[in-house]
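All remarks here apply to the structure that follows.
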Amino acid sequence: MTAIDQTAAAIPAARPATKTGPRRPKLRDTWWRHVVAWIAIVVALFPVAYIASAAFTGNPSLAGSSLIPRHLTLDNFKKLFSPGNSTTDITSNASNYPHWILNTLIVATSTAFFTVMLGALAAYAFSRFRFRGRRMGMLGLLLVQMFPQMLAVVAIYLIVVHTGTVFHVLALNTLTGLIIVYLGGVMSVNVWFMKGFFDTIPAELDESARVDGASPAQVFWGVVLPLAAPVLAVIGLFSFVGVLNEFIIASVLLQSDKKLTLPVGMRGFIDQQFSQHWGPFAAGVLIAAVPVVILFMFLQRFIVEGLTAGSVKG
Amino acid sequence: MADVRFEDVDKVYDNGVQAVFDLSLNIQDGEFLVLVGPSGCGKTTALRMVAGLEEISDGTISIGARVVNDLTPKERDIAMVFQNYALYPHLSVGDNIAFGLRLRKTPKKTVEERVQWAARLLGLTQYLDRRPKELSGGQRQRVAMGRAIVRQPQVFLMDEPLSNLDAKLRVQMRAEIGRIQRELGTTTIYVTHDQTEAMTMGDHVAVMRKGELQQMDTPQKLYSDPKNLFVASFIGSPSMNLVEAQIVRQNGGLVARIGDQELPVPGELSSARPALTGYVGRKVALGVRPEQLEDASLVRDGANGNRLRGRVVLTEALGSELLAHVELSGKPVVTDDVLEGAVELEDAMVDDLAQKADEERTTFIGRFVAASDVRPDHVIDMVVDTEKLQFFDLETGNAIRAGE
């Protein structure tokens with residue numbers, strides 16, 4: 001949204017008609033771009049093709065699998081969703097697959113939502129208000145961010161054990177407890193990211209709204225948040241995907257089989273010594289990818305805008 | 001509708017910088033007041049204090065009968081137009097204009113009527129559904145105006161609203177803002193650094209410098225009777241010609257000696273400014289507006305005494321008139337007041353001026369009639385309208401007027 005774009009949009013008729021558009025590039029000059037693009041696509045899709053192939057064949061191991069399945073079958077998917085465990089040859093875990101999906105969606109959606117909301121509130125304060133401890137707060141967030149979350153696993157575990165004795169909703173083996181831990185984990189980098197974006201929204205907009213009669217809350221919800229939509233979408237998506245992939249903390253905090261999230265649960269398929277179940281695993285992974293892909297498709301427009309808008313002032 | 005009063009208002013920022021010193025202003029109901037000054041003079045801070053966007057460190061600001069020091073912007077019943085318009089990019093033009101009304105829970109029908117009314121007044125009716133970014137600069141400016149007028153507030157505050165427009169549009173919008181303000185009769189405080197804008201728009205103009213009010217007067221009084229060197233050099237384009245002159249008594253009258261030339265000070269002038277006699281034998285700053293100079297070859301009955309001779313260094317033909325830059329001997333006035341007032345000067349020109357001061361050469365700009373055929377390197381005589389000469393104390397920069 002540069003000034004040039006805006007003026008160009010504002011006076012479309014002012015352009016003389018004689019000016020021809022940019023010449024269509026000749027294939028002779030640009031064939032190499034197509035080659036690069038195709039290579040990129042193949043590289044990106046290769047693992048997907050492999051996992052899809054594994055998902056649709058009955059072969060439980062990876063050793064004999066091939067890229068193009070010889071006979072297609074939905075057995076793996078059926079196994080994932082079959083309630084019983086005696087008739088199947090995979091572990092009893094499989095029957096809990098629907099639970100894992102549901103758990104994961106609950107945790108990921110609420111983490112994404114609250115990350116965005118809490119982060120936006122904090123970032124707005126850091127961006128707009130001048131208060132004692134603002135600099136230290138920002139620095140503190142940055143410092144916390146410098147240590148990998150894994151370092152904190154033991155501490156997190158102990159904290160959750162102890163808080164759980166007082167607040168049962170936040171106890172071990174609860175989704176709410178896991179969500180709270182996730183919310184804290186990535187907050188700092190998100191706050192920095194969003195603050196950077198908010199800084200690019202002119203403060204005059206806030207002031208203008210205040211003079212117009214808006215309360216601070218109305219300024220935030222009515223003016224700043226709608227304008228920050230791209231960055232909110234990006235943060236939301238990233239934390240959604242992040243939670244979807246997160247293993248360590250989830251494996252520490254969740255214990256009973258029905259409470260597991262996907263990564264922890266799916267691990268059960270492949271970590272047994274003699275009976276690896278790549279087939280159902282592949283099928284499960286494939287299904288888990290669906291919501292992410294859908295989200296990406298919906299938010300694509302915002303993502304491109306959000307990733308660039310935060311970095312370039314303009 | 002209301003008047004606005006500043007009483008001994010101070011503004012000290014958290015970092016200790018004081019932006020406004022003891023500002024006292026009285027803006028009548030319905031008046032158009034322009035706050036003008038070079039950047040950093042505290043004019044915008046003053047405006048933002050009225051808006052409630054900056055806290056008032058000391059003193060009081062009242063709108064109508066109410067002291068507004070501790071009121072939120074919302075409670076002050078004001079509207080503000082920002083330099084960059086501050087339109088909400090995610091709302092259509094109509095929604096932008098209606099924003100304030102909707103926040104006040106105005107009935108839908110009234111909102112609709114008022115938006116239509118404002119749009120008609122500003123010629124925006126056909127753009128109500130557009131987004132701000134689809135509009136040209138001038139149209140956006142109008143939307144910003146629309147957002148202000150639609151609420152019919154007690155006071156309009158405008159912070160350099162025209163500085164983002166190109167020159168032609170600026171002149172047009174200048175007239176339009178003036179028209180709308182007169183039509184609505186709303187008290188308006190308008191901030192600008194552009195003295196032309198200040199002169200053409202304001203009922204009264206308050207000139208500020210470094211946080212202090214220099215002079216508040218009608219544009220004409222500011223121009224013809226500036227209180228000090230700063231106002232003298234700030235108001236007017238091209239600026240007032242300023243040169244050091246020695247006041248001497250000669251044949252019962254006063255004479256200003258500029259370099260090796262002399263200008264008689266008319267009797268009426270010296271009697272209107274009795275303090276001038278106190279400067280006999282001393283140096284003062286002498287001010288001559290460009291239009292007080294005329295090409296002597298075109299003046300038939302010019303008195304022989306009121307002439308200055310110099311060498312033309314540059315001419316600018318403007319069609320309707322001719323600006324002649326004439327160099328003559330004499331020391332230019334280069335105090336801080338002047339340098340700061342002459343905001344159009346660039347650094348290189350300031351250096352040049354300092355060098356000329358050393359060489360005791362000064363350049364006068366004369367506004368000659370277009371028929372003048374002076375050319376660079378001509379040595380010419382200029383007739384000076386000595387009735388309007390201005391005198392300033394070199395030390396204090398204050399105008400030398402009545403005896404004090």
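All chains are named by letter (A, B, ...) in the order of the sequence lines, taking the proteins before the strands, and each is independently numbered beginning at 1.
- Every residue two or more places apart in sequence or in another chain that forms a side-chain contact (heavy atoms from CB on, under 4.5 Å) with B:Glu113 is listed here: B:Lys109.
- Residue-environment remark: CZ (A:Phe131) exceeds the threshold of 12 foreign heavy atoms within 6.0 Å.
- Of all heavy-atom pairs between A:Gly213 and B:Leu103, the closest is C-CD1, 3.7 Å.
- Comparing B:Leu53, B:Asp159, B:Asp77, B:Leu157 by heavy-atom pairs within less than 4.5 Å of chain A, the highest count is held by B:Leu53.
- Within the 4.5 angstrom heavy-atom criterion, atoms from both the backbone and the side chain of A:Glu207 approach chain B.
- At least one donor-acceptor pair closer than 3.5 Å links the side chain of B:His90 to the backbone N or O of A:Gly222.
- Residue B:Arg76: no heavy atom, backbone or side chain, is found under 4.5 Å from chain A.
- At most 12 heavy atoms of other shown residues, nucleotides or ligands fall within 6.0 angstrom of atom CZ in A:Arg135.
- Within a 6.0 Å sphere centred on CZ of A:Phe298, other residues, nucleotides and ligands contribute 12 heavy atoms or fewer.
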N/O donor-acceptor pairs under 3.5 Å from side chains in residues 79-89 of chain B, not counting sequence neighbours:
residue, atom, partner, partner atom, Å
B:Gln83, NE2, B:Ser163, OG, 2.9
B:Asn84, OD1, B:Ala86, N, 3.4
B:Tyr88, OH, A:Ser208, OG, 3.4
B:Tyr88, OH, A:Ala209, N, 3.2
B:Tyr88, OH, A:Asp212, OD2, 3.1

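- Note that the CD atom of A:Gln218 and the CZ atom of B:Phe99 stand 7.5 Å from one another [nearest 0.5 Å].
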